[in-house]
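The structure presented is a predicted model; accordingly, all values stated were derived computationally and were not measured. Keep in mind that the numbers below use all heavy atoms, side chains included, and drop hydrogens, waters and symmetry copies.
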Amino acid sequence: MASIADGKAGEVKLLMGNEALARGALEAGLAVAAGYPGTPSSEIIETLAKAASTSNLYVEWSVNEKVALEVAAAASFAGLRSLCVMKQNGVNVASDFLLHLAGSGTRGGMVLMPCDDPGALSSVNEGEARHFARLVEIPLLEPATFQQAKDVTRWAFELSETLRTIVMVRSATRLSHASGTVTMGEIPSNSSKAKFIHDGFVLDPMEGPVMSPPVAYKHSQQQDKIEKAAAIFEDSPFNTYEGPENPSLMLIASSVAGLYAREAIHLLGVADSVGLLCLATTWPLPPKFMQKYLSKTDRFLVVEEVLPFLEENIKVLAQELTQTIGPKTFFGKRDKTLPGVGELNPDLVAGALSKILGKPYVPVSQEYSGKARQTAFLGAPSRDLTFCPGCPHRASFWNIHTVLSTDNRQGFVCGDIGCYSMAVLPSGFSTLKTLHAMGSGTGVASGFGKLGQFGMDQPVVSVCGDSTFFHAAMPALANAIHHGSDITMVILDNSGTGMTGFQPHPGLPVDALGQQAPALDIEKICKAMGATVAVCDPFDLAHTQETLHKLLEEGKGVKVLITRRICALSPERKGKKQFDMKVDASVCLGENCGCNRLCTRIFRCPGLVWDAAAKTAKIDEVICAGCGVCADICPSGAISKTPV
């Protein structure tokens, strides 16, 4: 659909899960949305941004998740309905303010929407956001279908205003990025007026100052809200049961795991004896509702992703109800009936179900499985993770790797999260030696840079992207400068949040709504902070390497090298070649060259391929981005570049 605001009440539309979540927020009367890009959540803010002009919304990509939560909270404090969106890692970043916000409470309906990534399909971990709901004592909702994604989100704003607390609505990759049919609801006219009332009695939640202390009073209020949430959840229409009145076994599932569970029951043909309880209100659990269904059988399989969050909460409740419902047997993550890591799928759930029931189940024939394994390991070509053709990061890491190798002091690079994380692999010449959270490359480097008094004389380098610089690396840089750490920070400036779809950041002259915004100059910021700063084009190998050598030789203090070149896949550059590239087969010696196929074996740009029959390298004209770097690294001069 052109805009998520299109579609009248009663119409059925095919929506991506993230679009359904966005539509639910619109139907709730959303006024303000803020977030930080991160797969699988990014499309929610992007979808709302497209509808902003026609729906009287304010939408922004904030500098990081903590600030996004603070921006959304301000709207709530002023009586507006607001939404804050991020991926699972972002809740860690936002957690400091989240803890305070849970204590202070909210006014206008406010929803925190993390999208988790079971299996770490696009992440470096599969951490879960839902544990924060229990930690800070706020309600947690987990829609299981695309229709629920919309309807649960809409209801979450009402729940927030009833309880005067932030409500977490958790999605996951297979809900966020799959698509399904959704029946549209009504979008109300957004005529809300923002006003922050702050001069009432200090403990008045609607007219006094908004703050988390006094702790004893506020904390008791939080727990009262959780008890009220549990009472409201008793009658939630989003908790559903299907199956016999007294099943021999009941599956209890949350989120998209409910779909896997339903299919597993179908695959085994046990719908007449096995029940399925799908829970959308997963924290706090409604005790009377749960007692009703825990009384129906003595055996339960809890199906969820990833850790046994729901399983453990159910077990605690079942133990408290033992005198009423009797002892129960639970299967799930704790007893390893289901794996404790990675995504689930219908086959995994069916396999677990078959073991419990003693019912044979083979997802595919052994012959097929054997052939598939043989093909995967013996017949399929190897496809390593690599940088895109023409990626400036490949050139940057080539420069860094070359300089550190020729420097010969065992220097190393500390990295963090972004496209450039792949530099821990051969595609980035195995340059990164530490890899943690956003901004942690410079934070860790700051620590290494103070170890000179203990005899460390290795050059310490950190890398971060331009979006990451604003997100989390600036405090680390400030720390390094203030404490006199001996480090060189390389900022890989590709002019956008490339890993998640080129969303804007404060270094660009445009915001999430496509409107002009003042761009913050990274070079000037670093200089103002007190660092020695240089700027290079990473495609200019000689100049970049010479500059980095000089910075490393300075030794003391903090130096910053900004390697600036727009991403090859950015909308501004995509499909535009700077050079036409050619390989002179008569000059390329390939395996007989002293380089032994340096271009295709080491540099490994996908735009360069090895022609085994001709025994020479050649350009893949289809995917070559025409950056020209391969011509500069070819020792025999067999690769040429002609300006387009």
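Under 4.0 Å is where a charged nitrogen must lie from a carboxylate oxygen, and between Lys225 and Glu227 no such pair does. With respect to the salt-bridge test (charged N to carboxylate O, under 4.0 angstrom), the residues Lys8 and Glu186 do not qualify. Using a cut-off of 4.0 Å between Lys/Arg side-chain N and Asp/Glu carboxylate O, Glu304 and Lys333 are scored as not salt-bridged. Salt bridge Lys527/Glu523: present, at least one basic N to carboxylate O contact under 4.0 Å. Between Glu27 and Arg154, at least one side-chain nitrogen of the basic residue sits less than 4.0 Å from a carboxylate oxygen of the acidic one, meeting the salt-bridge criterion. The existence of a salt bridge linking Glu46 and Lys50 is excluded, since no basic side-chain nitrogen approaches an acidic carboxylate oxygen closer than 4.0 Å.
When atom types are taken as modelled, the side chain of Ser570 and the backbone of Ile566 share no donor-acceptor pair closer than 3.5 angstrom. Side chain of Glu70 to main chain of Phe97: no donor-acceptor pair is present (N/O by atom type, distance under 3.5 Å, no hydrogens or angles). Between the side chain of Thr153 and the backbone N or O of Ala149 there is at least one donor-acceptor pair closer than 3.5 Å. Remark: side-chain polar atoms of Lys87 are not paired, donor with acceptor, to backbone N or O of Ser41 under 3.5 angstrom. Looking only at distances, a side-chain donor or acceptor of Asn313 sits under 3.5 Å from a matching main-chain atom of Phe309. For Asp117 (side chain) and Thr39 (main-chain N/O), no donor-acceptor pair under 3.5 Å exists by modelled atom type. Of the possible donor and acceptor atoms, none in the side chain of Glu142 sits under 3.5 Å from a partner among the backbone N and O of Ser171. Side chain of Arg174 to main chain of Pro118: no donor-acceptor pair is present (N/O by atom type, distance under 3.5 Å, no hydrogens or angles). Between the side chain of Ser160 and the backbone N or O of Thr165, at least one donor-acceptor pair lies under 3.5 Å. Panel note: side chain Arg164, backbone Thr106; no donor-acceptor pair is recorded below 3.5 Å.
Rounding to the nearest 0.5 Å places OG1 of Thr183 at 8.5 Å from CG of Asp151. Remark: Lys150 NZ to Thr145 OG1 distance equals 10.5 Å, nearest 0.5 Å. Taking CG of Asp511 as the start and CD of Gln503 as the end, the distance is 13.0 Å to the nearest 0.5 Å. Taking SG of Cys84 as the start and CG of Leu69 as the end, the distance is 4.5 Å to the nearest 0.5 Å. In this structure, Leu279 CG and Leu141 CG are separated by 11.5 Å, a value rounded to the nearest 0.5 Å. To the nearest 0.5 angstrom, Met113 atom CE is 7.0 Å from Cys115 atom SG.
The 12-atom threshold is not exceeded at NZ of Lys228, counting heavy atoms of other residues, nucleotides or ligands nearer than 6.0 Å. Residue His436 places its NE2 atom among 12 or fewer non-hydrogen atoms of other residues, nucleotides or ligands, all under 6.0 Å distant. Around the NE2 atom of His131, the shell of radius 6.0 Å holds more than 12 heavy atoms that belong to other residues, nucleotides or ligands.
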(request) Report the C-alpha distance between Lys315 and Glu311 in whole Å, list the side-chain angles of each, state the deciding distance to 0.1 Å, and finish with yes or no for side-chain contact (heavy atoms from CB on, under 4.5 Å). (result) CA-CA 6 Å; Lys315 285 179 175 178; Glu311 178 183 344; 2.9 Å; yes
(request) Apply salt bridge (charged side-chain N to carboxylate O under 4.0 Å, His left out) to Arg170 and Glu128, showing your working. (result) CA-CA 9 Å; Arg170 180 221 190 201; Glu128 294 184 45; 3.8 Å; yes
(message) side-chain hydrogen bond (donor to acceptor under 3.5 Å, both in side chains) for His219 and Glu137? Distances and angles first, verdict last.
(response) CA-CA 9 Å; His219 196 187; Glu137 298 171 294; 2.7 Å; yes
(request) In sequence, state the C-alpha distance, the side-chain angles, and the governing distance for Val167 and Ile138, and then conclude on side-chain contact (heavy atoms from CB on, under 4.5 Å). (result) CA-CA 6 Å; Val167 173; Ile138 60 174; over 6 Å; no
(request) Before giving the answer on side-chain contact (heavy atoms from CB on, under 4.5 Å), spell out for Ile44 and Leu48 the whole-Å C-alpha distance, their side-chain angles and the decisive distance to 0.1 Å. (result) CA-CA 6 Å; Ile44 299 171; Leu48 290 170; 4.3 Å; yes
(message) Using the rule given for side-chain contact (heavy atoms from CB on, under 4.5 Å), can you reason through His505 versus Phe469, listing the C-alpha separation, both sets of side-chain angles and the distance that settles it, and then say yes or no?
(response) CA-CA 10 Å; His505 59 63; Phe469 174 78; over 6 Å; no
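Side chain to side chain, His177 and Glu43 meet the donor-acceptor criterion of an N or O pair below 3.5 Å. Judged purely by distance below 3.5 Å, without hydrogens or angles, the side chains of Asp416 and Ser440 never pair a donor atom with an acceptor atom.
The nearest pair of heavy atoms linking Pro139 to Ala229 is CG-CB, 4.0 Å. Val182 and Ala20 make their closest contact through CG2-CB, 4.2 Å (heavy atoms, listed as atom of the first residue, atom of the second, distance). Ser123 approaches Gln88 most closely through the heavy-atom pair OG-NE2, 3.3 Å. Between Pro114 and Met168 the shortest heavy-atom distance is CD-CG, 3.7 Å. The two atoms that bring Ser446 and Ser485 nearest to each other are O-OG, 2.7 Å, heavy atoms only. When all heavy atoms of Ser95 and Phe132 are compared, the pair lying nearest together is CB-CE2, 3.5 Å.
Using a 4.5 Å heavy-atom threshold, the side chains of Leu163 and Ile232 count as touching. Counting heavy atoms from C-beta on, the side chains of Ser467 and Tyr36 come closer than 4.5 Å. The shortest distance between side-chain heavy atoms of Leu159 and Phe233 falls below 4.5 Å. Leu175 has its side chain within reach of Phe146: a pair of non-hydrogen atoms, C-beta onward, lies under 4.5 Å apart. For the pair Ser192 and Asn56, the minimum side-chain heavy-atom distance is 4.5 Å or more. Using a 4.5 Å cut-off on side-chain heavy atoms (C-beta onward), Leu57 and Leu30 make contact. The shortest distance between side-chain heavy atoms of Ile491 and Cys464 falls below 4.5 Å. Looking at Leu80 and Lys193, their side chains never come closer than 4.5 Å, going by heavy atoms from C-beta outward.
Classification of the Tyr241-Tyr293 ring pair by plane angle, with boundaries at 30° and 60°, yields tilted.
The side-chain contact (heavy atoms from CB on, under 4.5 Å) test with Ser62 singles out one residue from Glu65, Lys66, Glu60, and that residue is Glu60.
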